[in-house]
Amino acid sequence: MEEIGFLGMGIMGKAMAINLLRHGFKVTVWNRTLSRCDELVQHGASVGETPAAVVKKCKYTIAMLSDPAAALSVVFDKDGALEQLCGGKGYIDMSTVDADTSSKISEAITSKGGSFLEGPVSGSKKPAEDGQLVILAAGDKALYDHVLPAFDVLGKKSFFLGQVGNGAKMKLVVNMVMGSMMNAFSEGIVLADKSGLDPHTLLDVLDLGAIANPMFKMKGPAMIKHSYPPAFPLKHQQKDMRLALALGDENAVPMPVAAAANEAFKKARSLGLGDHDFSAVFETVGKGAQSST
Ligand SMILES: NC(=O)C1=CN([C@@H]2O[C@H](COP(=O)(O)OP(=O)(O)OC[C@H]3O[C@@H](n4cnc5c(N)ncnc54)[C@H](OP(=O)(O)O)[C@@H]3O)[C@@H](O)[C@H]2O)C=CC1
Ligand SMILES: O=CCCC(=O)O
């Protein structure tokens, strides 16, 4: 099996790279904080000293980085991926970024003869560990077909959405809906509690009705305990709301619900909750933090 490069050993990148190793892929990893690669070595990975070194060694390289600035830096900076991208090499950015960022990266890589695919994912830490992500790919179709065996390990379903930017946009729309839902859910828990209802009973009622969903089921009990172990860091959810609102601006789509949700995530960041799970936005609702829940 050919060797895959993997840049970014955060919550998602680590889980995805370990999953590939577990399924017999050879993987060479890199992370800005190199010590975070140590655990991957124990799982059988090799380590590259720089993004360029990883791309030089591997026919194709996946990136899973925090935000547009990180995605651009890893490609364009000194010792970045672009230095070694050329004909026969592929680069797949699975980070959640905006379409402009993705297009900049795509243009630079294709102008050097390389191929580019974006592949942001729906699904969080546990689906990444279990290979149950939903992959929203767009860009070079030949590269997509080539990496499908790896996508089949990482995800339960891959979509090919056409031209570069469509994967990024789809991901932002999905996360805009998710962030708005999380805020409504938080308000619901606080409202139930403040009006004398048992929030656990609210969870049971929600789970049996038309708006039952895995997110409420998974996050609700921990939120009631004010516990937010990071699966999807709140700072990344706020980045996605911001980028989705910019997409709304570009397309003249009024999004008052998403704008309010973004304000709540910003508030949560200002309270120092950026590295907690995004469900910590619960702490911004009324006096959620002081409630009897
Ligand atoms: N967590 C989740 O549930 C999901 C996350 N996503 C998206 O996936 C991406 C990664 O998320 P996640 O793994 O949770 O994030 P983490 O914050 O856990 O990891 C971020 C990664 O980006 C690296 N990084 C940050 N800034 C830079 C930089 N300037 N240069 C180089 N590397 C940098 C970090 O390196 P270092 O270790 O050195 O800080 C780390 O490897 C994000 O775009 C996120 O929105 C998508 C679906 C689900
Ligand atoms: O971008 C993060 C998505 C998290 C999820 O789908 O649960």
Side-chain angles (χ1 to χ4, degrees), residues 5-19 29-40 47-52 54 61-81 92-98 101-102 105 118-130 132-137 154-157 167-168 170-182 185 213-220 222 228-244 265 269 274-281:
F6 211 121
L7 311 177
M9 293 295 112
I11 293 173
M12 294 298 283
K14 179 177 126 181
M16 292 160 75
I18 288 176
N19 200 20
V29 300
W30 170 86
N31 194 58
R32 178 180 60 174
T33 310
L34 269 179
S35 59
R36 296 220 170 115
C37 295
D38 293 351
E39 190 181 339
L40 277 292
V47 179
E49 289 289 310
T50 63
V54 172
T61 297
I62 294 174
M64 193 54 163
L65 302 157
S66 51
D67 55 18
L72 291 167
S73 158
V74 165
V75 171
F76 290 102
D77 284 1
K78 184 173 177 310
D79 296 325
I92 304 118
D93 195 344
M94 304 187 78
S95 323
T96 304
V97 297
D98 56 305
T101 298
S102 219
I105 294 172
E118 60 186 8
V121 299
S122 199
S124 192
K125 186 177 175 210
K126 182 79 168 67
E129 287 167 353
D130 297 344
Q132 293 293 303
L133 298 168
V134 178
I135 298 170
L136 307 171
L154 296 172
K156 61 181 174 189
K157 170 87 182 166
M170 182 66 84
K171 173 64 184 164
L172 293 178
V173 173
V174 170
N175 273 27
M176 181 274 289
V177 173
M178 189 177 75
S180 299
M181 278 172 63
M182 179 53 84
F185 184 46
N213 69 76
M215 182 176 84
F216 291 177
K217 200 177 169 69
M218 192 166 54
K219 310 266 184 196
Y228 315 105
F232 179 35
L234 187 142
K235 64 187 175 190
H236 295 333
Q237 171 68 83
Q238 196 268 312
K239 170 256 304 178
D240 296 349
M241 293 307 286
R242 171 166 49 82
L243 297 177
F265 286 117
R269 281 183 57 196
D275 290 324
H276 292 246
D277 189 69
F278 76 118
S279 49
V281 76

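Just so it is clear, the values below take in all heavy atoms, side chains as well, and ignore hydrogens, waters and symmetry mates. Each ligand, and each atom within it, is numbered from 1 in the order the structure gives. Because the structure is predicted, anything quoted here is derived from the model rather than measured.
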Chemist: At a 4.0 Å threshold, what atoms of ligand 1 neighbour a non-hydrogen atom of Met64?
Modeler: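 Checking each atom against Met64, I get 8 (O).
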Chemist: Does Lys239 NZ have over 12 foreign heavy atoms under 6.0 Å away?
Modeler: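 Yes.
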Chemist: Considering residues at least two apart in sequence or located in another chain, which fulfil the salt bridge (charged side-chain N to carboxylate O under 4.0 Å, His left out) criterion with Lys217?
Modeler: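 With sequence neighbours excluded, Lys217 shows a salt bridge (charged side-chain N to carboxylate O under 4.0 Å, His left out) to Asp207, given in chain and number order.
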Chemist: May I ask you to identify, for Ala69, whether its side chain, its backbone, both or neither come under 4.0 Å of ligand 1 on a heavy-atom basis?
Modeler: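 The answer is neither; Ala69 stays 4.0 Å or more away.
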Chemist: Can you list the atoms of ligand 1 that are under 4.0 Å from a heavy atom of Val121?
Modeler: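 Counting from 1, the qualifying ligand atoms are 46 (C), 47 (C).
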Chemist: Are Arg32 and Val74 packed together at the side-chain level, in the sense that at least one heavy-atom pair is separated by less than 4.5 angstrom?
Modeler: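 No - every pair of side-chain heavy atoms lies 4.5 Å or more apart.
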Chemist: Under 4.5 Å between any side-chain heavy atoms of Met181 and Phe216, yes or no?
Modeler: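 Met181 vs Phe216: side chains touch.
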Chemist: Tell me, please, which residues at least two apart from Tyr228 pass ring-ring contact (aromatic ring centres under 6.0 Å, His included).
Modeler: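 With sequence neighbours excluded, Tyr228 shows a ring-ring contact (aromatic ring centres under 6.0 Å, His included) to no residue whatsoever.
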Chemist: Show the atoms of ligand 1 that are less than 4.0 angstrom away from any heavy atom in Met9.
Modeler: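 It comes down to these atoms of ligand 1: 41 (O).
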Chemist: Considering non-hydrogen atoms of the protein only, which is the closest contact for atom 13 (O) of ligand 1, and what is the distance?
Modeler: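 The closest one turns out to be Met12 N, 2.8 Å.
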Chemist: Under 4.0 Å from any heavy atom of Gly8, which atoms of ligand 1 are there?
Modeler: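 Per the distance check, 41 (O).
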Chemist: List the closest protein heavy-atom neighbour of atom 31 (C) of ligand 1: residue, atom name, distance to the nearest 0.1 Å.
Modeler: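 Answer for atom 31 (C) of ligand 1: Val74 CG2, 3.5 Å.
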Chemist: Using a strict cut-off of 4.0 Å, indicate which atoms of ligand 1 neighbour a heavy atom of Pro233.
Modeler: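 Reading through ligand 1 atom by atom, the close ones are 1 (N), 14 (O).
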Chemist: For atom 18 (O) of ligand 1, grab the closest protein heavy atom and report residue, atom and distance to one decimal in Å.
Modeler: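 In this structure, atom 18 (O) of ligand 1 has Ile11 N, 2.9 Å as its nearest protein heavy atom.
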Chemist: Run the numbers for me: atoms of ligand 1, each under 4.0 Å from some heavy atom of Ser124, listed by number.
Modeler: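 The atoms of ligand 1 under 4.0 Å from a heavy atom of Ser124 are 2 (C), 3 (O).
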Chemist: Taking C-beta and beyond as the side chain, do Leu40 and Val47 meet within less than 4.5 Å on heavy atoms?
Modeler: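 In short, these two side chains do not touch, never coming nearer than 4.5 Å.
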Chemist: Would you give the length of the straight line joining atom CE of Met9 to atom CE of Met64, rounded to the nearest 0.5 angstrom?
Modeler: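 Reported value, rounded in 0.5 Å steps: 10.5 Å.
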Chemist: Under 4.5 Å between any side-chain heavy atoms of Leu172 and Met176, yes or no?
Modeler: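 A side-chain contact under 4.5 Å is absent here.
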Chemist: Any non-hydrogen atom of Gly123 lying under 4.0 Å from ligand 1?
Modeler: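 Gly123 counts as a contact of ligand 1 under the 4.0 Å cut-off.
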Chemist: Under 4.0 Å from any heavy atom of Ala231, which atoms of ligand 1 are there?
Modeler: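 Contacts of ligand 1 toward Ala231, numbered from 1: 1 (N), 2 (C), 3 (O).
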Chemist: Below 4.0 Å from any atom of ligand 1, is there a heavy atom belonging to Met94?
Modeler: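 Under 4.0 Å: no for Met94.
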Chemist: Within the structure, does His236 bring an N/O atom to less than 3.5 angstrom of an N/O atom in ligand 1?
Modeler: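 For ligand 1, there is an N or O atom that lies under 3.5 Å from one belonging to His236.
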Chemist: Let me confirm one number: the OG1-CG distance from Thr96 to Leu243, rounded to the nearest 0.5 Å.
Modeler: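 Interatomic distance, Thr96 OG1 to Leu243 CG, rounded to 0.5 Å: 9.0 Å.
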Chemist: Tell me: protein heavy atom nearest atom 20 (C) of ligand 1, and distance?
Modeler: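 In this structure, atom 20 (C) of ligand 1 has Ser66 CB, 3.8 Å as its nearest protein heavy atom.
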Chemist: Identify the protein atoms, limited to N or O, that lie within less than 3.5 Å of an N or O atom of ligand 2, and list each pair with its distance to 0.1 Å.
Modeler:
| residue | atom | partner | partner atom | Å |
| --- | --- | --- | --- | --- |
| ligand 2 | 1 (O) | Lys171 | NZ | 2.7 |
| ligand 2 | 1 (O) | Asn175 | ND2 | 2.8 |
| ligand 2 | 6 (O) | Gly123 | N | 2.8 |

Chemist: Return the residue, atom name and 0.1 Å-rounded distance of the protein heavy atom closest to atom 37 (O) of ligand 1.
Modeler: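 Closest protein heavy atom to atom 37 (O) of ligand 1: Arg36 NH1, 2.3 Å.
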Chemist: Provide, to 0.1 Å, the distance between atom 34 (C) of ligand 1 and the closest protein heavy atom, together with that atom's residue and name.
Modeler: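 So the nearest neighbour among protein heavy atoms is Asn31 OD1, 4.2 Å.
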Chemist: Against heavy atoms of Lys239, which atoms of ligand 1 measure under 4.0 Å?
Modeler: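 By the 4.0 Å cutoff, the relevant atoms are 42 (C), 43 (O), 44 (C), 45 (O).
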Chemist: If we only count heavy atoms from C-beta on, is the Asp240 to Met178 side-chain gap below 4.5 Å?
Modeler: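 A side-chain contact under 4.5 Å is absent here.
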Chemist: Side-chain contact, heavy-atom cut-off 4.5 Å: Phe232 with Asp277?
Modeler: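 In contact.
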Chemist: Among all protein heavy atoms, pick the one closest to atom 28 (C) of ligand 1 and tell me residue, atom and distance.
Modeler: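 The closest one turns out to be Arg32 NH1, 3.4 Å.
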Chemist: State the NE2-CZ distance between His276 and Arg269, to the nearest 0.5 angstrom.
Modeler: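 The NE2 atom of His276 sits 13.5 Å away from the CZ atom of Arg269.
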Chemist: Got a second to check how far Leu133's CG is from Met94's CE, nearest 0.5 Å?
Modeler: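 So the CG of Leu133 and the CE of Met94 are separated by 7.0 Å.
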Chemist: Can you tell which part of Lys14 has a heavy atom less than 4.0 Å from ligand 1: side chain, backbone, both or neither?
Modeler: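 No part of Lys14 comes within reach of ligand 1.
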Chemist: Hey, could you give me the CD1/CZ distance between Ile18 and Phe6, rounded to the nearest 0.5 Å?
Modeler: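 One gets 10.5 Å once the value is rounded to the nearest 0.5 Å.
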Chemist: To the nearest 0.5 Å, tell me how far Asn175 CG sits from Met182 CE.
Modeler: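 It is 11.0 Å, given to the nearest 0.5 Å.
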Chemist: Please tell me if the side chains of Val54 and Pro51 come closer than 4.5 Å, counting only heavy atoms from C-beta onward.
Modeler: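 Not in contact.
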Chemist: For atom 7 (C) of ligand 1, what's the nearest protein heavy atom and its distance?
Modeler: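 Answer, as residue, atom name and distance: Thr96 OG1, 3.5 Å.
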Chemist: Mind checking what makes salt bridge (charged side-chain N to carboxylate O under 4.0 Å, His left out) contact with Asp79, not counting sequence neighbours?
Modeler: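 For Asp79, no residue satisfies salt bridge (charged side-chain N to carboxylate O under 4.0 Å, His left out) once neighbours in sequence are set aside.
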Chemist: Taking atom 9 (C) of ligand 1 as the point of reference, which of Val134, Leu65, Leu243, Leu133 owns the nearest heavy atom?
Modeler: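 When every heavy atom of Val134, Leu65, Leu243, Leu133 is considered, Leu65 comes closest to atom 9 (C) of ligand 1.
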